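Take a look at the structure set out below.
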Amino acid sequence: MDKFVIRGGNPLVGTIRVSGAKNAALPAMAAAILTEEPVILENIPDVRDIRTERTLLVSMGAEVELGYGRAHHRTTLCCRNLANPEAAYELVKTMRASTLVLGPLVARMGRARVSQPGGCAIGARPIDLHIKGLEQLGATITQDHGYIEASAERLRGGHIIFDKITVTGTEDLMMAATLAEGETVMENCAREPEVSDLAVLLNKMGARIEGAGTSTIRIQGVSKLHGARHRIIPDRIEAGTFVIAGALCGGDLTVSNCDPGHLGALLKKLEECGVQFKTSENSVRVTGGHALAAADVSTEEYPGFPTDMQAQYMALATQASGVSAITENIFENRFMHAQELVRMGANIMVEGSRAVVHGPAQLSGAAVQCSDLREWRRLIFCNEGVIPNPDVELVRRNGEGHALLLLQTKTLRPLESGGADSSLRSE
Ligand code: UD1
């Protein structure tokens with residue numbers, strides 16, 4: 001169990017650098033399974049899911065080399081000798097994205113045994129579409145004792161139409177199709193930047209993929225892929241989170257090393273709320289302390305408003321004048337943070353997939369529980385930003401890698417005297 005004690009009320013002043021995108025790094029690491037040669041990945045974030053995926057790949061026989069010193073965000077993966085094409089329950093239950101190894105394993109090794117992920121705090125999150133897609137590529141699938149077993153001598157190209165847009169499903173099957181015989185056409189694909197980033201890496205490895213970033217992706221299968229070097233895109237969720245933190249906490253914050261082009265729906269909504277910011281090619285500068293106005297939001301697949309920013313947006317809505325209706329369309333149970341916010345003094349009513357926030361509310365510090373990682377971020381900002389003198393205990397049940405975020409908040413480089421000190425203690 002992690003526990004953070006936060007003393008808030010300080011403005012955020014300075015520049016903060018965004019890490020590489022975890023959700024782009026995870027499929028990129030799985031892509032290394034597709035070749036015998038080394039895949040060198042730069043800008044890998046230092047978060048728990050990445051460590052879990054490394055453990056998973058090592059358990060299969062992968063060689064992993066971590067950069068050190070200035071190269072500490074580099075990871076080199078070599079899957080020359082994959083002996084054990086299995087993702088065990090112990091790992092999959094801690095990280096659902098482990099299922100990303102399913103497609104690459106069947107494509108390269110001809111077989112895979114991957115644990116069913118089971119339930120999740122934010123909803124059922126099945127992986128039926130990954131399985132259905134693999135079957136369309138010619139894999140034989142059996143499910144037994146909580147495991148999915150997939151096998152195919154060689155996958156063959158197919159026509160996949162996703163019943164529902166799925167990010168990791170699109171990535172899993174795109175990887176599988178790179179080594180299939182013939183052409184695969186996938187329709188109703190996820191258009192997230194992380195899908196496009198994976199396609200860039202795969203094409204560097206010798207794959208023939210067109211259309212990633214649109215809803216139709218075409219893949220001409222090849223018989224072999226080779227090694228490549230690739231830099232992971234910046235984390236758009238981390239960037240968006242910092243922008244909201246800057247708007248909430250006052251001060252003058254530059255969020256650097258990000259891609260504002262990936263933040264379109266969020267920035268448009270923040271503009272509507274009255275958040276003051278300026279973008280450059282790779283940064284967003286946000287000044288806080290301005291009056292905020294309520295605005296409704298609905299989460300959607302990219303390029304819509306991301307579900308992973310919904311909780312942070314709710315924190316902002318508690319400080320905006322008026323009524324904000326927040327509709328969650330991607331996951332069925334992603335409002336756990338609302339009740340924690342209510343305990344801190346927010347006025348929020350949840351009805352099904354809609355939360356109605358009346359603001360602005362005067363919040364006070366309280367001990368709160370976090371079960372969803374994005375929610376955790378939101379509560380931290382709330383505590384930092386709007387409570388005059390809070391002593392807040394923030395407890396997260398299962399430790400995870402976003403302590404990095406706290407650290408970054410703590411180590412902001414001040415541009416002016418005064419700087420940012422979020423007085424955050426981790427215990
Ligand atoms: C990814 C992101 C996660 C983000 C989510 C939605 C990674 C590692 N994680 O998760 O941070 O919150 O996209 O943007 O990239 N679904 C099915 N059957 C399937 C697959 C999905 O019904 O086989 C449903 C899910 O239950 C959910 C919706 O489709 O309701 C979207 O899920 P999906 O896009 O697959 O989310 P992830 O890829 O798991």
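All ligand and atom numbering here is 1-based and tracks the order in the structure. Just so it is clear, the structure is predicted and the values come from calculations on it, not from any experiment.
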Under 4.0 Å to a heavy atom of Thr168 - the qualifying atoms of ligand 1, by number
7 (C), 8 (C), 15 (O), 35 (O), 37 (P), 38 (O), 39 (O)
Closest to atom 18 (N) of ligand 1 (judged by heavy-atom distance), picking from Asp172, Asn329, Asn23, Asp128:
Asp128
Geometry only, no angles: is Lys22 polar-contacting ligand 1 at N/O separations under 3.5 Å?
no
For Arg334, the atoms of ligand 1 under 4.0 Å from one of its heavy atoms are 12 (O)
If we set the cut-off at 4.0 Å for heavy atoms, which region of Tyr302 has an atom near ligand 1: side chain, backbone, both, or neither?
neither
Check Thr307 against ligand 1 and report side chain, backbone, both or neither, counting heavy atoms closer than 4.0 Å.
side chain
Take Glu187 and His159 through the side chain to side chain donor-acceptor pair (under 3.5 Å) test and state the conclusion after the steps.
CA-CA 8 Å; Glu187 293 186 60; His159 190 181; 2.5 Å; yes
Please enumerate all residues that pass side chain to side chain contact (heavy atoms under 4.5 Å, CB included) together with Ala88, with sequence neighbours excluded.
Glu86, Glu90, Tyr147
Close-contact set for ligand 1 against His130 heavy atoms, below 4.0 Å:
23 (O)
Report the C-alpha distance between Val297 and Thr327 in whole Å, list the side-chain angles of each, state the deciding distance to 0.1 Å, and finish with yes or no for side-chain contact (heavy atoms from CB on, under 4.5 Å).
CA-CA 6 Å; Val297 89; Thr327 308; over 6 Å; no
Charged N to carboxylate O below 4.0 Å: is that the case for Arg74 and Glu65?
no
Are any non-hydrogen side-chain atoms of Ser283 and Val255 less than 4.5 angstrom apart?
no
Can you check side-chain contact (heavy atoms from CB on, under 4.5 Å) on Leu363 and Gln319, steps first, answer last?
CA-CA 9 Å; Leu363 303 186; Gln319 300 310 303; 3.7 Å; yes
Does ligand 1 have any atom that is closer than 4.0 Å to a heavy atom of Gly169?
no
Test: Arg334 and Glu328 ion pair at under 4.0 Å
no
Heavy-atom proximity to atom 30 (O) of ligand 1, best of Ile127, Ile330, Ile131:
Ile330
According to the side-chain hydrogen bond (donor to acceptor under 3.5 Å, both in side chains) rule, which pairs have a member within residues 206-222, sequence neighbours left out?
Glu183-Gln220
Quick check: does Glu332 get an N/O under 3.5 Å from an N/O on ligand 1?
no
Pick from Asp308, Ile165, Asp49, Leu198: the one approaching atom 4 (C) of ligand 1 most closely through a non-hydrogen atom:
Asp308
Give a yes/no on ligand 1: does Lys164 have at least one heavy atom closer than 4.0 angstrom to it?
yes
Any N or O on Ala97 sitting closer than 3.5 Å to an N or O of ligand 1?
no
Show your working on side-chain contact (heavy atoms from CB on, under 4.5 Å) between Met29 and Arg54 and close with a plain yes or no.
CA-CA 8 Å; Met29 290 169 76; Arg54 273 202 308 258; 3.5 Å; yes
Would you check the N or O atoms of Leu26, main chain and side chain alike, for any that come under 3.5 Å of an N or O of ligand 1?
no
